[in-house]
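Scroll down for the structure; my scribbles are underneath it.
Keep in mind that this is a model prediction, so the values were computed, not measured.
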Amino acid sequence: MAARNGRPRPFLRMRTVAGQVFLLQVAIVVLLVIAAVSALVLQSRADGEQEARSRSVAVAGTFANSPGMEAALESPDPTAVLQPEAEAARKAAEVDFVVVLGRDGVRYTHPLPDRIGGTFVGNTGPVLKGETVVEEIDGTLGPLVQAVVPVFGPDGKVIAMVAAGITVDQVSGAVERQYVLLFGSAAGILLVTTGGTALVSRRLRRQTHGLGPAEMTRMYEHHDAVLHAVREGVLITDGDGVLLLVNDEARRLLGLPADAEGRPVTGLGLDPATARLLSSGQSATDEVHSVGDRLLAISRRATDREGGPPGTVTTLRDTTELRALSGKADVARQRLRLLYDAGTEIGTVLDVVRTCEELVDFATARFADYATVDLSENILRGEEPTEARAVSGLRRTAFSGQDRATGFFPLGSEIHFQPGLAVGAALLRGEAVLDTDLAAHRGWQEFSPERAERLLAHGFHSMIAVPLRARGLILGVAMFWRAENPHPFEEEDLSVAEELVARAAVSVDNARRYSREHAVAVTLQRSLLPRGLPEQNAIDAAYRYLPAQAGQGGLGGVGGDWFDIIPLPGARVALVVGDVVGHGLHAAATMGRLRTAVHNFSSLDLPPDELLWHLDELVTRIDQDESAEDPGNAVTGATCLYAIYDPADGHCTMARAGHLQPVVIGPDGDAAFAPVPGGPPLGLGGMPFETLDVQLAENSRLVLYTDGLVEDRRRDIDEGLEILRETLDGHAGRSPEDTCEAVLAALVPARAQDDIALLVGRALRLDADNVAAWDVPSDPAAVSEVRAGVSARLTEWNLAEEAFTTELILSELVTNAIRYATGPIRVRLIRDRTLICEVSDRSSTSPHLRQAATTDEGGRGLFLVAQLAERWGTRYTDDGGKVIWTEQPLLDGTPE
């Protein structure tokens, strides 16, 4: 349904020319189809009857002349011989009956056996005379078409007759079976022709717009009235460029003569450009041409795009009065576009200097030849701005323009806008300054007369100075200059500059505040990280810590990654790497708490799995405490890897809680990930941790790291791990420092997205001459033997001064072990940076230091040991025993 005047109307209105043509064509087609179908039905029926006559004659004649017919008729029982053959012939020929008759008309055969012997129904007289008879009768099988032919004997006489026929039902059935195809074809023809008629009618309807004669007359009257009354010129030309129609407005705008219609466009006296456009075959949209004192917007389209007649239609609009308004709109549009682009190109990073550089680069690319930004020193340091020093003591932070003017605006130079001068006073009040003619010397030159003369000599002719203000305070001054562009700055340029600087000032202030907070966080974090490597002889270590690049796409610049090298009793050392998920002050503070906890647990000399279990309990309690106050401060996602290396025998024990596996590099340079059993991240609670015990050959290297090293937005973590292994593999001679540099060069991008902690330790071994051990029987008399052996070894080590103290310490420890412990007792003496005494037994009972009363006979042994040794303690072994150890300082601090 279409709509006209707000009322629905059918596809074809019968009152329209198109509707009437459609009905007439459909009626003609229907009549033709009916006539054709009737003729085809009659012809088909006639053809069927003729086919029945021909088949009957052919079947009857063929059977009458078949071999053996004469012998069968002369046999005692002709029916017995002929009946099967007649039935076979009937079925093969697809007729209804084949009957053999005697000269008297009696049937010898019949499809119905009970009819055999009866008299044949039909005209047999002519047949007896040797003729063939074909007739339509009502026989025993009903109405039928039959043919009767004679059977001739050897002497040429008729000895019998053969009749064959087809019933009318079978003939009409054959015809009727063609009705489906016949009527289907008729329906298809009717449908196709009706569709074609509809298409023709639709085309006619489009041409006439579905209107009747009266409506078309009225439409053309209105069309003519509107065409000449509209305030837009209209010209219609044919395919040869001849003007077919022109309205009054077009005549007025183009100054056409009264007899313009019917003449070529090129002969109307138009200006060449307009005549060329109107006579060409090209399309145009609002193409502006100057015709006399008018600016005409010309639009031109072809009329044959959708099957119309060849030619063009051209419309003309007088835009003379709109030109000024459109110019102002273009300026406003360009200004909005400039400010929009400034919002996307200025302040892309949280960096004060980079934001100033973006401002000057944007300004010189869009409306200025040179631009500078001067900021207060305290702004560059991340401090709060102070209004009193806003325009004095500034530092040139950014410059953009041609290289030839770099000497006029040196970066880093100190700039002073004196408040006593006009420009300085205006800037101090927060007002922008526009100087459209620098040569007029309106006060700008008083800051530096010599520099002002040089600028004028190089063509600088106008300037804008705008203070950078944020939150009511002045951060600095932005200045814009023109030299190559001959047009001086105008008031509109001043407003644009103020808008740009206002947007940039907010970004600068945000970057300053972020830089200050980042500096505080970095200071806190670095105060919580190791300041250097502790003194120890177990490993040769190197480390790197890289915070994420704040404001450059990183996650905050300060995170929770940490590492540690913790000396342990017995010349052993613990290597620790951990990571607290998240960034900012909270992550750094949490990292400091966990690092302190690891140090405290390490002082208890716990094995790695027990230490991680205690650390997991601590993180769980921290989560519970902080979640109750602030659910957003939970420490979920903290990981840790803890390894203990013993340089005496090269034994290393490692455990991890949700952390990545370390890399072990053998002395030959082969690198492989250590298969440390994986444990859950810290804070999940209730899950045990497992350890991996490995034997590190001397000069093996152990590489511990956090996920920021191998994980990046541009690659998968598995790819990063493989790059790490390939970087470490095959370099046996690298020192830990060289290893750190190679790893960072291969894996760390220019601006890291996450914190990176890397710790590389080369395994060292204690010289066998610096370790002495004795097995002690459970006999108090063996104490003197131990003392003698210790004294002799200390003399060999040139530590005779320590002999007395050491003998006294070991006497007390061995005596306690013999008295209270079980199993074999072993004494080990290690000369490292300190003199270490160890007494091990199979008892899990730890001795306790106590204060003995004056009347007590015992209880002073451990007290005496604690007084003589610098440190002492107890650690438990995997076989259920314990080791009591002491450390004594050495004068030289290191073994020879």
Step-by-step salt bridge (Lys or Arg N to Asp or Glu O under 4.0 Å) determination, Glu838 to Lys882: CA-CA 10 Å; Glu838 295 181 348; Lys882 68 178 182 296; over 6 Å; no

For Arg572, the option from Asp649, Asp832, Asp605 that meets salt bridge (charged side-chain N to carboxylate O under 4.0 Å, His left out): Asp605

Hey, does Leu829 have a side-chain heavy atom less than 4.5 Å from the side chain of Trp774? yes

Return yes when atom CD of Glu690 has more than 12 non-hydrogen atoms of other residues, nucleotides or ligands closer than 6.0 Å, and no otherwise. no

Side chain to side chain, Pro608 and Ile644, heavy atoms closer than 4.5 Å: yes

Are the side chain of Glu726 and the backbone of Asp729 linked by a donor-acceptor contact shorter than 3.5 Å? no

Do Tyr705 and Leu721 make a side-chain contact, defined as non-hydrogen atoms from C-beta onward lying under 4.5 Å apart? yes

Do Leu702 and Met654 come within less than 4.5 Å of each other through their side chains, counting heavy atoms only? yes

Hey, is the main chain of Leu696 close enough, under 3.5 Å, to the side chain of Ser700 for a donor-acceptor pair? no

Only one of Cys640, Pro680, Pro688 passes side chain to side chain contact (heavy atoms under 4.5 Å, CB included) with Leu612, and that residue is Cys640

Is any side-chain heavy atom of Thr706 closer than 4.5 Å to one of Val577? yes

Presence of salt bridge, Glu887 and Arg871, under 4.0 angstrom: yes

dist Asp718:CG -> Ile723:CD1 (nearest 0.5 Å) comes out at 11.0 Å

Distance alone, cut at 3.5 Å: any donor-acceptor contact between the side chains of His659 and Asp579? no

Check Ala674 against Val664 and note the closest heavy-atom contact, atom names and distance. CB-CG2, 3.8 Å

Can Arg544 and Glu737 be counted as an ion pair, charged N to O under 4.0 angstrom? yes

Taking all non-hydrogen atoms of both residues into account, name the closest pair between Pro736 and Asp540 and its distance. CG-O, 3.2 Å

Hey, is Arg831 close enough to Glu796 for a salt bridge, meaning N to O under 4.0 Å? no

Are a donor atom and an acceptor atom from the side chains of Thr739 and Arg701 found within less than 3.5 Å of each other? yes

Between Asp738 and Ser735, a side-chain donor and acceptor under 3.5 Å: yes

Look up atom CG in Leu604 and atom NE2 in His599, then write down how far apart they are to the nearest 0.5 Å. 13.5 Å

Between Tyr545 and Asp755, a side-chain donor and acceptor under 3.5 Å: yes

Taking atom CD1 of Ile622 and atom CD of Glu617, what is their separation to the nearest 0.5 Å? 11.5 Å

Short question: side chain of Arg656, backbone of Tyr642 - any donor-acceptor pair under 3.5 Å? no

Got a second to check how far Asp707's CG is from Thr639's OG1, nearest 0.5 Å? 6.5 Å

Keeping Ser413 on the side-chain end and Pro410 on the backbone end, is there a donor-acceptor pair under 3.5 Å? yes

Would Val580 and Leu594 satisfy side chain to side chain contact (heavy atoms under 4.5 Å, CB included), going step by step from the backbone distance to the final call? CA-CA 9 Å; Val580 176; Leu594 297 184; 3.7 Å; yes

State whether a side-chain donor-acceptor pair under 3.5 Å links Glu807 with Ser791. yes

No-hydrogen, no-angle side-chain donor-acceptor test under 3.5 Å, Glu358 and Thr348: yes

Let's go through Leu758 and Phe563 carefully: what are the C-alpha distance in whole Å and the side-chain angles of both, what is the deciding distance for side chain to side chain contact (heavy atoms under 4.5 Å, CB included) to 0.1 Å, and is it a yes or a no? CA-CA 8 Å; Leu758 174 64; Phe563 64 92; over 6 Å; no

Pair Thr806, Gln888: side-chain N/O donor-acceptor within cut-off below 3.5 Å: yes

Under 4.0 Å between a Lys/Arg side-chain N and an Asp/Glu carboxylate O for Arg395 and Asp374? no

List the steps, then state whether side chain to side chain contact (heavy atoms under 4.5 Å, CB included) holds for Trp885 with Thr874. CA-CA 6 Å; Trp885 55 270; Thr874 304; 5.7 Å; no

Taking Asp712 first and then Arg715, would you say they form a salt bridge - that is, a charged N and a carboxylate O separated by under 4.0 Å? no

Check step by step if side chain to side chain contact (heavy atoms under 4.5 Å, CB included) holds for Asp670 and Ile665. CA-CA 5 Å; Asp670 290 339; Ile665 309 172; over 6 Å; no

Nearest 0.5 Å please: distance from the CZ atom of Phe601 over to the OG1 atom of Thr596. 11.0 Å

Greater than 12 external heavy atoms within 6.0 Å of Glu535's CD: no

Using side-chain heavy atoms (C-beta onward) and a distance below 4.5 Å, is Pro569 in contact with Arg875? yes

May I ask you to test the Asn770-Ile830 pair for a side-chain heavy-atom distance under 4.5 Å? no

Taking NZ, NE, NH1 and NH2 as the nitrogens, is one of them in Arg396 or Glu414 under 4.0 Å from a carboxylate oxygen of the other? no

Please check if any side-chain donor atom of Thr653 sits under 3.5 Å from a side-chain acceptor atom of Asp693, or the reverse. yes

For the residue pair Asp609 / Thr691, report whether a side-chain donor-acceptor contact shorter than 3.5 Å exists. no

Between CG of Leu759 and CG of Leu641, what distance do you get to the nearest 0.5 Å? 9.5 Å

Val576 side chain near Ile566 side chain, heavy-atom distance below 4.5 Å: yes

